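Below is one structure, written out as structure tokens, with a few remarks after it.
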Amino acid sequence: MVDNYKHKGLRNNLVKTLENKGITDQRVLQAIGNVPRHLFFDEALLKYAYQDNAFPIGEGQTISQPYTVAFQSQHLNVQPGHSVLEIGTGSGYQASILLELGARLFTIERHEALHLKACELLDNLGYHYRGFLGDGSQGLPNLAPFDRIIVTAGAPVVPHELLEQLNVNGILLIPVGDEKDQTMMKFTKVEPNKVLREELGNFQFVPLVREDGWM
Ligand code: SAM
């Protein structure tokens, strides 16, 4: 697992790009600057690892664009010790950023090959977290409540189970829309039965898939 000066220089440039695009949270920028994103890439795509784009990771899935990872991380406002559920482990890159921010992370992925690969890498990088294989569209009720829930795939509707699994003052971020285009939705549980809803702009994610089809 080589991480040399060239990679660190490319990461510094990526951090500057994200600042220029409006990411202001210094903890998030520092996490992006710390994590060797190239290790989450297949050999053939290594030269693209520090571009601000999404790339294929196998199984028809993608590693999210760094801007999207930074944007979601900034809005999630993870504090050390927060219990965080990520739905859609994918490459494990977003997971590593949440871990750098001090999350007690639970992450779930439905593709076995991606789950195994991401967990192996996160283990090798020395992170402590719990990785699950399966359909995360209804959260992880046995491990709830969570302080933060982040969905990294696009859903047609907001699964009410996820709102139920949030602590008071908890935040859920989920892209909601059709299979091509979604609006990033932020839900903040301000009281046990009161949730604030904000729309944060357009994004394109791969679909959140349930065992019986697209949600
Ligand atoms: N967070 C990932 C990263 O940093 O690489 C981004 C992953 S990709 C945009 C979305 C992931 O969500 C895919 O790996 C996909 O297999 C997964 N996914 C889709 N539906 C899911 C579900 N119901 N439960 C768990 N994972 C799901």
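As the structure lists them, so they are numbered: ligands from 1, and atoms in each ligand from 1. The basis for the numbers below is simple: all heavy atoms, side chains too, and nothing from hydrogens, waters or symmetry mates. All figures in this text were calculated on a predicted structure; none of them were measured in a lab.
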Candidate with minimal heavy-atom separation from atom 6 (C) of ligand 1, of Gly139, Ser64, Gly92, Gly58: Ser64
Pair Gln204, Asp181: side-chain N/O donor-acceptor within cut-off below 3.5 Å: yes
Mutual orientation of the aromatic rings belonging to Phe203 and Phe71 [parallel < 30°, tilted 30-60°, perpendicular > 60°]: tilted
Ligand 1-proximal atoms of His111, by part, heavy-atom distance under 4.0 Å: side chain
Heavy atom of Ala118, distance to ligand 1 below 4.0 Å: no
Side chain to side chain donor-acceptor pair (under 3.5 Å) involving Asn167 - partner list, sequence neighbours excluded: Asp147
Ligand 1 atoms in contact with Ile108 (distance to a heavy atom under 4.0 Å): 25 (C), 26 (N)
Heteroatom proximity flag, Arg210 to ligand 1, N/O under 3.5 Å: no
Donor-acceptor side-chain pairing of Gln79 and Asn77 below 3.5 angstrom: yes
Polar atom proximity, Gly88 to ligand 1 (N or O, under 3.5 Å): yes
Any Gln94 side-chain heavy atom under 4.5 Å of Ser73 side chain: yes
Ligand-side contact atoms (ligand 1) for residue partner Val206, heavy atom cut-off under 4.0 Å: 8 (S), 9 (C), 10 (C)
Ligand-side contact atoms (ligand 1) for residue partner Tyr93, heavy atom cut-off under 4.0 Å: 4 (O)
Test of proximity, Val209 against ligand 1: N or O pairs below 3.5 Å: yes
Side chain, backbone, both or neither: Gln61 near ligand 1, heavy atoms under 4.0 Å: side chain
Atom indices of ligand 1, in the order listed, that fall short of 4.0 Å to a heavy atom of Gln94: 1 (N), 4 (O)
Distance filter under 4.0 Å to Gly136 heavy atoms, resulting ligand 1 atoms: 22 (C), 23 (N), 24 (N), 25 (C)
Cluster check Leu163, Val168: I/L/V/M/F/W/Y, side chain < 4.5 angstrom: no
Where ligand 1 meets Ser91 - atom numbers and elements under 4.0 angstrom, heavy-atom basis: 3 (C), 4 (O), 5 (O)
Partners meeting side chain to side chain donor-acceptor pair (under 3.5 Å) with Asn34 (sequence neighbours left out): Glu100
Leu114: numbered ligand 1 atoms lying under 4.0 Å from its heavy atoms: 14 (O)
Shared hydrophobic cluster, Leu200 / Phe205 (ILVMFWY, side-chain heavy atoms < 4.5 Å): yes
ILVMFWY cluster, Leu143 and Ile149 together (side-chain gap under 4.5 Å): yes
Closest candidate by heavy atom, reference atom 2 (C) of ligand 1, pool Ile63, Thr89, Thr62: Thr89
Heavy-atom nearest neighbour of atom 21 (C) of ligand 1 within options Arg110, Glu109, Glu59, Gln65: Arg110
Numbered atoms of ligand 1 (with element) below 4.0 Å of Asp135, judged on heavy atoms: 22 (C), 23 (N), 24 (N)
Passing candidate, ring-ring contact (aromatic ring centres under 6.0 Å, His included) with Phe41, options Phe55, Tyr93, Tyr50, Tyr48: Phe55
Ligand 1 contact by Val69, heavy-atom criterion under 4.0 angstrom: no
Location of contacts on Glu86 toward ligand 1, heavy atoms closer than 4.0 Å: side chain
Test item: Phe132 and Leu85 side chains (from C-beta on) under 4.5 Å apart, heavy atoms: no
Any side-chain heavy-atom pair of Gln138 and Glu164 under 4.5 Å: no
Within reach of ligand 1, part of Pro207 (heavy-atom separation under 4.0 Å): backbone
